[in-house]
**Student:** 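Shown below is the structure under consideration.
Order of appearance sets the numbers: ligands from 1, and atoms from 1 within every ligand. Nothing fancy with the numbering, it's 1 onward along the sequence.
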Amino acid sequence: MSRRLLNPDTDADRAVRDIIGDPQISGFTMIAGAGSGKTTSLVKALDAAITARGADFLATCRQVACVTYTEIATQEIEADLALNPVAHVSTIHSFLWSLIAPFQNDIRTWAASYGPRRLRELRDELAGLGPGTGTKRRRELMGKIRRLEHGVDKLDGVTRFRYGVGRNYADGVVGHDDILKMVPELIQTKPLLSRIVARRFPLVFVDESQDTFPEVVKCLRHIAVQERERFCLGFFGDPMQRIYLQGAGDIRLEADWHQVEKPENFRSPRRVLDVINTIRAGGDDLVQRTGLSADRQRDGEVTFFVFPADDQRIERLNRARAWLAARSTTGAWQDDRTKILVTTHRMAARRLAFGNLYTVFHSSRLSDDFDEGRAWPLTPFLGVLLPLATAAIDNRPALVPILRKSSPLLRPETLGQASVGDTLTGLATGIEELASLLTTGGPGTIGQALRISRDRGLIEIDDRLAPYLDADTPTEDLDELGATLTAYLDCDVAELAGYAKYVGQLSAYSTQQGVKGTEFPDVLVVLDDQESTHNQFSYDKLFGIRPPSPTDIKRRRGGEETTIDRTRRLFYVCASRATESLAIVLYAADVSQATAALRHSHLLDDNQVVGAHTVDTWAETP
Ligand SMILES: Nc1ncnc2c1ncn2[C@@H]1O[C@H](COP(=O)(O)OP(=O)(O)OP(=O)(O)O)[C@@H](O)[C@H]1O
C-alpha cells in the first residue's frame with residue numbers, strides 16, 4: 001500500500017466518498033491550504049472509486065480519470081495506486097488528447113478552421129511591428145506564417161493526427177497550444193462528445209486546480225452540467241498556490257456541487273506553520289491549524305538571514321548553510337536533504353558553475369530546451385559522454401552497454417572492418433582521454449571533448465554540429481544557431497557537471513516555481529530581486545522595502561492582481577515545502593531597512609534574524 005493511502009482518513013476523505021457515491025451530486029471542490037493533504041485525499045478518492053466501482057468499470061471499458069499538473073505528479077499518483085488500470089492518471093494535455101484522438105475528422109475540421117484564424121492573427125502581428133522591432137522577431141513570425149500556411153495546405157492529405165509539443169499540421173502534428181483550444185471548443189459545441197467523455201470517464205478529478213487553464217475548467221464544468229447524473233467532477237486546489245498567470249484560481253460552485261473543507265495542515269512543524277499562516281494572512285483569511293497529534297507535531301526551525309546584495313552572495317549562502325548545519329538540533333542542512341529555492345534558472349546556473357553555458361543557450365531559441373535538459377547539442381553529454389566518464393571510474397561493466405548504443409564502431413556493418421581487439425583498444429583509449437578531461441574538469445573545452453569522442457569513435461556527431469567542430473570553420477557571417485554552437489563549443493567542460501546535476505534534479509537547487517506539490521526536510525528560500533531580475537515578482541515590494549509601482553497601485557484599485565499578490569503566493573508555496581527546517585535569505589540593498597521591514601511583517605515574531613557579520617565570523621570562534 002502506498003505512503004499516501006496509509007495516512008488516516010479525515011472528515012474530508014469521508015465527505016468525498018459520500019459525494020462520489022451520490023448520483024445527485026455532479027461536482028465538488030476541495031480548496032484547502034498547503035500541506036492539508038489535498039493530493040492525499042485525491043489518491044484516497046481514486047482508491048475509493050476503484051474499490052467501489054473498479055470491477056464494473058473494467059467490464060465496461062470505463063475509468064476514473066485523474067488530471068495532474070506535471071509528469072512527475074502523474075508518476076507519483078500512479079505509483080500510489082500501484083498502477084491500477086481502473087485509474088487513468090495523466091497530465092492535462094495528455095488527458096485532453098486521449099478524449100479527442102479517436103475523432104480524427106473533428107480534429108481535421110477544427111484545424112482547417114483554426115489555421116486560417118491563427119494566420120490572420122500572425123499576419124496582423126507582423127504588419128503591426130514597429131521599426132524598433134528587431135529582425136529576429138520579424139523572421140520568427142515570417143517563419144511561423146510560412147510553416148502554418150504550408151500546414152493548412154496539407155491538412156487534407158494527413159491520414160492520422162498525433163499530438164506533439166509544437167504544431168506541424170503538414171506532418172499531422174497537433175501542438176500543445178492547439179490541444180488547449182481545440183478540445184474545449186469541440187466539447188462545448190458537440191453534445192455527443194460530452195456524452196462520450198462522461199460515458200468513458202464517469203469520474204474526473206483535477207489536481208492543482210488553481211493552475212488549470214480556465215478553458216479546461218469551463219469544458220469539464222460543461223460536461224458536468226450536461227451529463228449531471230452520469231458524471232462527477234472534483235477539483236483539488238489552493239488559489240494561494242497559483243503560480244501561473246493563466247491559472248483558473250478559484251472554482252465557482254454549481255448549484256448541486258459541494259465544497260469540502262480541509263482546515264488542517266499535516267506537513268509543517270509549528271514554527272513553519274506560523275510563518276506560512278502569516279504570509280497567507282495578507283492574501284485571504286484562511287488560517288490553518290495542525291492536523292498532527294501532539295506527539296507527532298514538532299517545533300521545527302525557522303531562521304531569517306538578511307545579507308547585503310553584494311558580490312559575496314554565493315559565498316555567504318554557503319556560509320549560512322554551514323552555520324545552520326552547525327546549530328541545528330535536528331541534524332538539518334546536510335547536503336542530501338537541503339533544497340535551495342531560487343527565482344530563476346540563471347541564479348542556479350551561477351551557483352552550480354554553469355553560467356557560461358546558460359548565457360550561450362539563453363541567447364538562442366534553444367533556451368527552454370536548455371532549461372529542461374533536452375537541448376540537442378547537450379544530449380551527447382547527458383546521454384552518453386558523462387555516463388561513460390563516470391562508468392570509466394567506478395563501474396567499468398556499464399561501459400559496454402552505453403558504447404553499444406552510441407559507438408559507430410560497434411555497429412554490425414562496421415564491426416567487420418577492423419579487428420575487434422583494435423576497435424576495443426581504440427575505444428578504451430578514447431574513454432580514458434575523455435574521462436580525464438571531463439572528470440578533472442579540464443582545462444579543456446566542450447569542443448575538445450567532442451573531438452576526442454568523434455575521433456575515437458565513441459559517438460557520431462550530429463550533422464548540425466559537425467561543421468563547427470573543426471578549426472577551419474569560418475566564424476564570420478554565422479547565423480544565430482551557428483553563433484550559439486560556436487560559443488557552446490568554446491565553453492569549459494567543467495560547466496557540464498553542474499548542468500547535468502541540475503537538470504537531472506540531483507542538485508540542491510530548484511526554481512521556486514518548480515517545487516509546487518513537493519516537500520523536503522530543509523528548505524532555504526533565496527529572496528533576491530536584484531539578481532533574479534524577474535519582473536513578475538518582487539520580494540522587496542512584498543515586504544514594503546520598495547513602494548508599489550503606479551501600475552501596481554492602479555491594478556490594486558481596479559481589483560486586479562499585482563506583483564505583490566503574485567510574490568506572496570510564490571513565497572507561500574516555497575515556505576510551505578519544509579517538513580522540518582526553513583531558512584529565508586533576503587538580499588537587500590539596505591540591510592537595516594530590510595530588517596526593519598521584516599520585523600514589521602510579523603514574520604519574525606518567534607524567529608531570529610542573522611546578519612552577514614555573524615556568518616562571516618562564526619567559524620573563527622573557537
Ligand atoms: N490524514 C493525514 N494524516 C497524516 N499525515 C497526512 C495526512 N494527509 C496528508 N498527510 C501528509 O501531509 C503531507 C502533505 O500532504 P499532501 O502533499 O497530500 O498535501 P497537499 O495539500 O496536496 O500539499 P500542497 O498543496 O502543499 O502541495 C504529506 O507528507 C502527507 O503524507
**Student:** Taking the side chain from Arg566 and the backbone from Gln536, do they hold a donor-acceptor pair closer than 3.5 Å?
**Tutor:**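 Judged by distance alone, yes, a pair lies under 3.5 Å.
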
**Student:** Identify, for atom 4 (C) of ligand 1, the protein heavy atom at the shortest distance, and state residue, atom and that distance.
**Tutor:**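 Protein heavy atom at minimum distance: Phe266 CD2, 3.5 Å.
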
**Student:** List ligand 1 atoms under 4.0 Å from Gly517, heavy atoms only on the residue side.
**Tutor:**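 Every atom of ligand 1 under 4.0 Å from some heavy atom of Gly517: 27 (O).
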
**Student:** Shortest non-hydrogen contact from Ser209 to Ile31?
**Tutor:**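 Nearest pair, atom of Ser209 first, then Ile31: OG-CD1, 4.2 Å.
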
**Student:** Among protein heavy atoms, which lies nearest atom 19 (O) of ligand 1, and at what distance?
**Tutor:**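 Here the nearest protein heavy atom works out to Gly37 N, 3.0 Å.
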
**Student:** Could you verify whether a donor N or O on one side chain and an acceptor N or O on the other, from Lys541 and Thr567, lie under 3.5 Å apart?
**Tutor:**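 There is no such pair between these side chains.
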
**Student:** Just checking, Arg313 and Tyr587: is the charged tip under 6.0 Å from the six-membered ring centre and within 45° of the axis?
**Tutor:**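 Yes.
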
**Student:** Whether the side chain of Ser576 engages the backbone of Val573 through a donor-acceptor N/O pair (distance < 3.5 Å, no angle test) should be reported.
**Tutor:**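 Judged by distance alone, yes, a pair lies under 3.5 Å.
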
**Student:** Find all atoms of ligand 1 within a distance of less than 4.0 Å from any non-hydrogen atom belonging to Glu519, and give their numbers and elements.
**Tutor:**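 Checking each atom against Glu519, I get 13 (C), 14 (C), 28 (C), 29 (O).
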
**Student:** Quick one: nearest non-hydrogen protein atom to atom 31 (O) of ligand 1, plus distance?
**Tutor:**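 Here the nearest protein heavy atom works out to Asn7 ND2, 3.0 Å.
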
**Student:** Can a non-hydrogen atom of Thr10 be found less than 4.0 Å from any atom of ligand 1?
**Tutor:**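 Per 4.0 Å heavy-atom rule, Thr10 contacts ligand 1.
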
**Student:** Please state whether Arg577 comes within less than 4.0 angstrom of ligand 1, counting heavy atoms only.
**Tutor:**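 In this structure, Arg577 qualifies as a contact of ligand 1 - some heavy atom is under 4.0 Å.
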
**Student:** Out of curiosity, Leu99 CG to Ser90 OG, how far, rounded to the nearest 0.5 Å?
**Tutor:**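 It comes to 8.5 Å.
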
**Student:** Please could you name the atoms of ligand 1 that Lys38 approaches to less than 4.0 Å, counting only its heavy atoms?
**Tutor:**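 The atoms of ligand 1 under 4.0 Å from a heavy atom of Lys38 are 18 (O), 19 (O), 20 (P), 21 (O), 22 (O), 24 (P), 25 (O).
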
**Student:** How about Phe370 and His345: are their ring centroids closer than 6.0 Å?
**Tutor:**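 Centroid distance Phe370-His345: not below 6.0 Å, so no.
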
**Student:** Can you name the nearest heavy-atom pair linking His93 to Phe213, along with the distance?
**Tutor:**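 Looking at all heavy atoms of both residues, the closest pair is CE1-CE1, 4.4 Å.
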
**Student:** Below 4.0 angstrom from a heavy atom of Gln241, which ligand 1 atoms are there? Numbered from 1 as shown, please.
**Tutor:**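 Matching atoms, with element in brackets: 24 (P), 25 (O), 26 (O).
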
**Student:** Can you tell me the protein heavy atom closest to atom 14 (C) of ligand 1 and the distance?
**Tutor:**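 Result for atom 14 (C) of ligand 1: Arg267 NH2, 3.6 Å.
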
**Student:** Any idea which protein heavy atom is nearest atom 22 (O) of ligand 1, and the distance to it?
**Tutor:**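 That would be Thr39 OG1, 2.8 Å.
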
**Student:** Yes or no: does Arg3 have any heavy atom under 4.0 Å from an atom of ligand 1?
**Tutor:**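 Distance cut 4.0 Å: Arg3 passes for ligand 1.
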
**Student:** Quick one: does Ser576 get a heavy atom under 4.0 Å from ligand 1?
**Tutor:**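 For ligand 1, residue contact (heavy atoms, under 4.0 Å) with Ser576 is absent.
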
**Student:** For atom 1 (N) of ligand 1, which of the options Ser268, Pro8, Ala32 provides the nearest non-hydrogen atom?
**Tutor:**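 Closest candidate by heavy-atom distance is Pro8.
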
**Student:** Within 45° of the ring axis of Phe520 and under 6.0 Å from its six-membered ring centre, is that where the NZ or CZ of Lys339 lies?
**Tutor:**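 Satisfied, under 6.0 Å and within 45°.
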
**Student:** Please identify which atoms of ligand 1 are closer than 4.0 Å to at least one heavy atom of Ala34.
**Tutor:**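 Reading through ligand 1 atom by atom, the close ones are 26 (O).
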
**Student:** Can you tell me if Trp257 and Ser26 form a side-chain donor-acceptor pair at under 3.5 Å?
**Tutor:**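 Yes - a donor-acceptor pair under 3.5 Å links their side chains.
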
**Student:** Just to confirm my output: which protein heavy-atom neighbour is closest to atom 9 (C) of ligand 1, and how far is it?
**Tutor:**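 Scanning the protein heavy atoms, the shortest distance from atom 9 (C) of ligand 1 goes to Thr40 OG1, 3.3 Å.
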
